[in-house]
Amino acid sequence: MGKLNDRITRMSSGGRAVLAVTLLGIGAAAGGAGGAALSHPAIQMAPTVATPIARLATSQGIVTIRGRVAEVYGDRFVMADGSGRVMVDAGRPDHPPVAGQTISVQGRFDDGQLRAAYLVSADGTVEQVGPRPGHGHPKEGPGHRPGPGRDEDRDGAPGDRDAPVPPPAG
């Protein structure tokens, strides 16, 4: 370390300035890369072992369920396995499941329903569904009106309850 200090001391002031700028640049690049890594969510792998539907309420993180599609309601459907039934919110899948079909669903259990991220058919075909990463929670964003307990807009002004009543149909 003594030799390095001697070399730096013998450098011209211009050489020391170049060295300082170089070291600052390296530090900034490393800090920027570290900051970028911290700003992105961690990747989580879905479990390959299916969680029984009856245990979803106690689960955390990403889960996989496997069972039969019992009923279909638009972009939602009811999955059943030997332990129970659960409503699945699949967003708008390109290939919606049909009643009687056996599939696996990977997603997060939230507010009493499974918010699907992937549907896996019996033949192993995987379809990404639901909100895409970075597109917010399905209950927020443009086009979603305030619900119960959320009667005010973000600025504190009353929500749609003060909107004029539409005229009667003619």
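Counting from 1, the numbers follow the sequence of the chain as shown.
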Inter-residue atom distance Leu114.CG - Gln106.CD, 0.5 Å rounding
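Interatomic distance, Leu114 CG to Gln106 CD, rounded to 0.5 Å: 10.0 Å.
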Distance from Gln113 atom CD to Leu56 atom CG, nearest 0.5 Å?
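Reported to 0.5 Å precision, the distance equals 11.5 Å.
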Treating Ser83 as the side-chain partner and Ala54 as the backbone partner, does any N or O pair qualify as donor plus acceptor under 3.5 Å?
yes
For [X] and [Y], which heavy atoms make the closest approach, and how far apart are they?
| X | Y | answer |
| --- | --- | --- |
| Arg66 | Ala50 | NH1-CB, 3.8 Å |
| Gln101 | Ser121 | NE2-CB, 4.4 Å |
| Asp75 | Gly91 | CB-O, 2.5 Å |
| Pro52 | Asp81 | CA-OD2, 3.6 Å |
| Ser104 | Thr64 | CB-CG2, 4.4 Å |
| Phe109 | Ala57 | CE2-CA, 3.7 Å |

Given side-chain contact (heavy atoms from CB on, under 4.5 Å), test Ile62 with Arg108 step by step and report yes or no.
CA-CA 5 Å; Ile62 298 173; Arg108 293 183 185 278; 3.9 Å; yes
Non-hydrogen side-chain atoms of Val72 and Pro96 separated by less than 4.5 Å
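Val72 vs Pro96: side chains apart.
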Could you check if a side-chain atom of Met79 sits within less than 4.5 angstrom of a side-chain atom of Ile103, using non-hydrogen atoms only?
yes
Is it true that Ile65 and Tyr118 fall in one hydrophobic cluster, defined by side-chain heavy atoms closer than 4.5 Å?
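Not linked; separate clusters.
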